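Below: the structure, in structure tokens.
Scope of the values below: all heavy atoms of this structure, side chains included, with no hydrogens, waters or symmetry mates. Below, chain A is the first sequence line, B the second, and so on; all start at residue 1. In this text, all values refer to a predicted model and were calculated from it rather than measured experimentally.
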Amino acid sequence: MAVVNIKTPLGKKERRKLRAGDHVRISGTIYTARDAAHKRMMESLEQGLPLPMDFTDEIIYYVGPCPAKPGEIIGSAGPTTSGRMDSYTPELLDRGLGGMIGKGNRSERVINSMMSNDAVYFACVGGAGALLQDCIKSVEIIAYEDLGTEAIRKIEVEDFPAIVVIDTRGNNLYETERKKFANKQWN
Amino acid sequence: MKTIQIKQIIDNVAEMCIEANTFLSEDMIAGLRKAEATEESQNGKEILGTMLNNFEIAKNKNIPICQDTGMVVMFVSFGQDLTIEGGSLEEALQAGVAKGYEEGYLRKSVVSDPFIRTNTNNNTPAVIHYTVVPGDGLKIKILPKGFGSENTSALKMLKPADGMAGVKEFVLKTVETGSPNACAPIVVGVGVGGTMEKAAIMAKEALGRPLGEHNPLEHIEALEDHLLEACNNLGIGPMGLGGTNTVLGVNVEVFPTHIAGLPVAVNITCYVNRHVEREF
């Protein structure tokens with residue numbers, strides 16, 4: 001299977017080249033955020049306050065890592081279910097967010113917003129926390145430290161394995177692949 | 001009459017929490033190997049290979065398989081002639097969880113109130129189910145439960161007229177909706193009968209049954225086989241990205257129920273189906 005190497009930040013031109021089904025290896029800086037961090041960012045926007053950072057062309061990884069063991073920089077760090085962030089995501093896409101890494105399908109509203117903002121959604125293998133931890137080379141908390149595992153972290157990754165599951169045109173692997181293997185006789 | 005010191009319980013529970021999160025049981029690994037060998041989707045095959053590879057990395061680095069080290073569920077079988085010395089059993093079990101999550105560098109994922117949502121910072125409280133049994137034994141089973149899959153679980157109070165067909169339909173629908181988010185291939189625990197909470201507890205306990213082991217009742221074993229085949233024909237596949245391995249096992253437990261009811265609970269767990277048991 002062909003593998004596409006991509007580097008962050010990921011501009012619109014590069015994002016448009018990616019297709020659902022592409023296997024990628026991501027290198028560069030990405031940012032972690034999950035439920036509580038998203039909720040707090042939305043509260044900031046409601047109050048007219050700025051976000052903790054500029055997300056233009058950046059990628060958010062939905063993860064809440066384990067604590068780092070002595071000698072390590074981070075603990076196991078696999079993806080969490082992206083759907084829980086669906087209600088918040090379009091706000092960030094409208095502010096330039098270029099892509100997300102997580103697991104599971106997204107809502108129609110998120111997919112529409114991805115198409116109008118040329119954003120990409122990647123999935124990595126859920127539960128593969130130890131393997132993905134291995135790809136993380138540096139970690140720095142940049143906001144909401146009090147949220148612990150849910151704080152926003154800036155992380156450097158090297159050859160982080162993922163699959164493009166929804167591309168900028170709205171092609172969705174969750175819809176297309178299942179049909180190939182469903183046995184109609186049964187269902 | 002046997003006596004157990006609470007320190008022994010605390011230390012064992014702590015070890016079990018770390019063990020469960022770091023090493024997957026042989027039955028689950030064998031199930032995933034079989035899935036990898038039979039998977040028809042190229043993406044699916046590759047994903048299953050990554051999952052198996054991850055178990056090796058976790059074991060070698062001695063770190064958790066998955067960052068969601070779960071909320072701890074315990075099934076405690078307590079002999080009525082047993083004496084616990086040095087403090088309360090409940091407090092010892094909770095202290096063991098706190099110790100294990102701290103010393104094992106496991107993620108603390110429990111919040112103190114479902115609305116205020118402040119992290120308790122030691123992964124307690126655990127949810128503990130006790131059974132009192134004859135004798136002086138003590139058996140503790142630990143299931144750290146991840147919530148990606150827990151969130152896809154469901155319960156329904158069916159009518160007796162819905163029967164076997166109604167149960168099949170509800171299980172299949174729950175798997176179809178949930179498995180793409182639940183880190184498939186999943187294991188499905190089903191509790192049928194009893195009352196609302198009895199069905200839910202049976203569904204949870206069914207997840208701890210070794211993979212490949214069937215319910216001894218003939219008609220329930222047939223139901224398990226049927227559901228496994230039906231689920232794997234949905235096409236959802238590993239991580240929901242298409243394939244022929246969506247479910248590794250369907251474990252059904254039943255209990256007598258009321259003339260007016262047919263409760264059915266479906267508890268879903270991801271392929272990192274963690275369960276560790278010790279007897280004292």
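- Contact of Ile47(B) with chain A is made through backbone and side chain together, with heavy-atom distances under 4.5 Å.
- If you measure heavy-atom distances from Lys180(A) to chain B, you find no contacts under 4.5 Å at all.
- Using a 4.5 Å cut-off between heavy atoms, Ala68(A) contacts chain B through its backbone alone, with no side-chain atom that close.
- If you measure heavy-atom distances from Gln133(A) to chain B, the contacts under 4.5 Å come from the side chain alone.
- A salt bridge between Glu176(B) and Arg178(A) is present, with a side-chain N of the basic residue lying under 4.0 Å from a carboxylate O of the acidic one.
- The candidate with the highest count of non-hydrogen atom pairs below 4.5 Å against chain B, out of Pro67(A), Pro70(A), Gly104(A), Pro65(A), is Pro67(A).
- Contacts between Ala128(A) and chain B at a heavy-atom distance below 4.5 Å involve backbone atoms as well as side-chain atoms.
- Proximity to chain B is absent for every atom of Glu175(A), based on heavy atoms less than 4.5 angstrom apart.
- The environment of Arg19(A) atom CZ is dense: over 12 non-hydrogen atoms of other residues, nucleotides or ligands sit within 6.0 angstrom.
- Residues Leu131(A) and Asn54(B) share a closest heavy-atom pair of N-OD1, 2.7 Å.
- Interface residue Thr50(B): backbone and side-chain heavy atoms are both found under 4.5 Å from chain A.
- Between Cys66(A) and Tyr105(B), the closest heavy-atom pair is CB-O, 3.8 Å.
- Side chains of Ile163(A) and Leu241(B) form a contact here, defined as non-hydrogen atoms less than 4.5 Å apart.
- Contact detail for Cys183(B) and Gly126(A): the closest heavy-atom pair is SG-CA, 3.6 Å.
- Only the side chain of Tyr271(B) comes within contact range of chain A, judged by heavy atoms closer than 4.5 Å.
- With sequence neighbours left out, the side chain to side chain contact (heavy atoms under 4.5 Å, CB included) criterion links Asn267(B) to Lys145(B), Glu150(B), Ser153(B), Ala203(B), Lys204(B), Leu207(B).
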